[in-house]
Amino acid sequence: MNNLLPAMPGKATFVYTICLLSLIPITKGADPFFLTLDCPDATRNTTSTYAPNSTYQKNLNTLFSVLSSNSNNASNGFYNFTAGSSPPDIAYGLFLCRGDLTAATCHDCVGYASKAVVAQCPTSKRVSIWYIECMLRYSNASIFSTVDTGYSRMWQNQQRVTNTTRFTEILGEVMDDIVNRASSSDLGKKFATGEAINSSLRPVLQPVYGIAQCTPDLSDLDCNDCLQKGISLFPEATIGVRVVFPSCNIQYEDFQFYDASVGAAPPPPSPLLPPPPPSKTTTSSPGNGGISSRVITAIVVPSGIAIILFISCFCFLTRSAKRKYNSLKEGNGKSKGTLSNYCKLN
């Protein structure tokens, strides 16, 4: 692949230094650490250059100003802009900051890159520049929402792992995880981190820490394809590798080089607790859809009293009727001719 840095023994010290520099804390105010630059050879294609004080240069200056001003409040570390309206002098540009960095660090990197890119590649209409903290691109042709892997650069740690089979297995699991999560991120930031570290439950032997990131304007499929292409360039059983494309980047090391609180996988769901055993009492408590004991008491007690009163009244009336019947019977026995008088009296 074009411009791919080969793994050459003579460059081992340089490559390993690049990896170790990732350990340097990224703080606000520090100059970003330069990685690589894609600057087409102007002597081979004069149509890709612009003249000083030309319309394209004015549009490019506007582009840099807008990108720099928006780098301080880009929530997903990404912003694109188009300056000008008449081709071929339209300037298309974007920046992508590493997903775990603060807005202030992103702002510093984009501002620095806007100045450095012109100094390192003057008069070119199409340039991409990478730092550890951010990437900045511009072109006179649209570069938005299109996957670009035409330029690539790789750095690798020359140290090799001892257990190649086990390491390849663990690395594959970490890469699959972060690529899937970065590609399908719903948070507007196609960025994911992941790790595999040694523990008593899962022996790893060689720890693996990785990040994967795409420009958020890519589709899920394009992002996945870009990251998978980066993985295909990984040398076998190497402790640390970084691959960058214009549209994505992917990296793993044997040390934690990122903020683990950003882009990490969500914690696994808590195990479901078994339902409590059913209560031995049949009375339900308030708030559980049943009837409380107070309500039951309020219903049962008056009903019981009403029944007792009904029975008492019934017995009283029954006895009264019986006494009248006995009295009538006794009256008939003494004087049968006095029935009419009894009726009148009663």
Side-chain angles (χ1 to χ4, degrees), residues 1-5 22 35-36 38 74-80 92 94-101 106 128 130-137 139 141-156 167-196 208-238 240-253 256-268:
M1 180 165 292
N2 295 338
N3 298 309
L4 181 62
L5 180 65
S22 297
L35 290 176
T36 187
D38 178 20
S75 59
N76 58 356
F78 171 81
Y79 191 80
N80 57 21
Y92 303 87
L94 60 84
F95 68 78
L96 177 67
C97 292
R98 207 174 77 182
D100 62 330
L101 303 183
C106 179
S128 299
W130 285 263
Y131 296 85
I132 286 180
E133 298 86 346
C134 72
M135 177 268 294
L136 184 142
R137 298 178 64 195
S139 175
S142 179
I143 54 176
F144 306 148
S145 303
T146 302
V147 62
D148 185 351
T149 56
Y151 176 91
S152 65
R153 189 79 182 217
M154 182 183 73
W155 296 263
Q156 70 177 85
F167 178 79
T168 301
E169 177 187 347
I170 296 299
L171 177 62
E173 292 177 2
V174 174
M175 292 297 107
D176 287 345
D177 172 52
I178 62 177
V179 167
N180 290 334
R181 287 192 289 110
S183 301
S184 59
S185 174
D186 296 326
L187 303 178
K189 180 187 292 188
K190 281 184 158 53
F191 175 80
T193 67
E195 62 184 40
V208 176
Y209 301 86
I211 63 172
Q213 184 174 23
C214 297
T215 56
D217 59 337
L218 292 185
S219 67
D220 292 356
L221 179 60
D222 283 343
C223 177
N224 189 286
D225 289 345
C226 184
L227 294 172
Q228 293 291 354
K229 191 168 185 177
I231 293 175
S232 69
L233 300 179
F234 287 176
E236 184 179 359
T238 300
V241 176
R242 182 203 301 268
V243 176
V244 299
F245 295 112
S247 293
C248 70
N249 64 85
I250 191 164
Q251 179 182 1
Y252 74 88
E253 304 289 350
Q256 186 171 305
F257 58 96
Y258 52 81
D259 183 353
S261 66
V262 182

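This is a predicted model, so every value here is computed, not measured.
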If you measure from the SG of C248 to the SG of C223, is it under 2.5 Å? no
To the nearest 0.5 Å, what is the distance between OG on S128 and CZ on F245? 13.0 Å
In terms of heavy-atom contacts, A74 and F95 come closest through CB-CZ, 4.1 Å
If you define the side chain from C-beta out and look only at heavy atoms, does anything of N249 sit under 4.5 Å from W130? no
Could you pull out the closest heavy-atom pair between I250 and V179, with the gap in Å? CD1-CG2, 3.9 Å
What are the two closest non-hydrogen atoms of F257 and R98, and how far apart are they? O-NH2, 3.2 Å
With D148 via side-chain contact (heavy atoms from CB on, under 4.5 Å) - residues at least two apart: R137, P246, S247
Hey, are the side chains of L227 and Q213 touching, using non-hydrogen atoms and a 4.5 Å cut-off? no
Tell me the closest heavy-atom pair linking Q251 and M175, and the distance in Å. O-CE, 4.4 Å
So how far is it from L171 CG to I231 CD1, rounded to the nearest 0.5 Å? 7.5 Å
Who pairs with S219 by side-chain contact (heavy atoms from CB on, under 4.5 Å), at least two apart in sequence or on another chain? L221, D222
Full working for side chain to side chain contact (heavy atoms under 4.5 Å, CB included) between T193 and D100: CA-CA 9 Å; T193 67; D100 62 330; 5.6 Å; no
Using only the SG atoms, establish whether C134 and C97 come within less than 2.5 Å of one another. no
Could I get the full list of salt bridge (charged side-chain N to carboxylate O under 4.0 Å, His left out) partners for D177, not counting sequence neighbours? R181
Hey, are the side chains of L35 and I132 touching, using non-hydrogen atoms and a 4.5 Å cut-off? yes
Got a sec, which residues hit ring pair (Phe, Tyr, Trp, His ring centres under 6.0 Å) with F167, two or more places apart in sequence or on another chain? none
Could you measure the distance from the CG atom of L94 to the CG atom of L136? Nearest 0.5 Å is fine. 7.5 Å
What is the minimum heavy-atom distance between L218 and S145, and which atoms define it? CD2-C, 4.2 Å
So, does N224 use its side chain to make a donor-acceptor pair with the main chain of D220 at under 3.5 Å? no
Rounded to the nearest 0.5 Å, how far does CG of L233 lie from CZ of R242? 14.5 Å
Sub-4.5 Å side-chain heavy-atom contact between V147 and D225: no
For the backbone of F144 and the side chain of T146, can you confirm whether one donor and one acceptor N or O come within less than 3.5 Å of each other? yes
Has N76 got a side-chain atom pairing as donor or acceptor with G188's backbone, closer than 3.5 angstrom? yes
SG of C106 to CD of E133, rounded to nearest 0.5 Å, is 10.0 Å
All heavy atoms of A196 vs all of I170, minimum pair found to be CB-CG2, 3.3 Å
Begin from the C-alpha positions of N80 and Y92 and carry the test side chain to side chain contact (heavy atoms under 4.5 Å, CB included) through to its verdict. CA-CA 8 Å; N80 57 21; Y92 303 87; over 6 Å; no
Side chain Y258, main chain G194, donor-acceptor under 3.5 Å: yes
Under the ring pair (Phe, Tyr, Trp, His ring centres under 6.0 Å) test, which residues partner Y252, sequence neighbours left out? F234
With sequence neighbours left out, what residues match A237 under side-chain contact (heavy atoms from CB on, under 4.5 Å)? R160, V161, T164
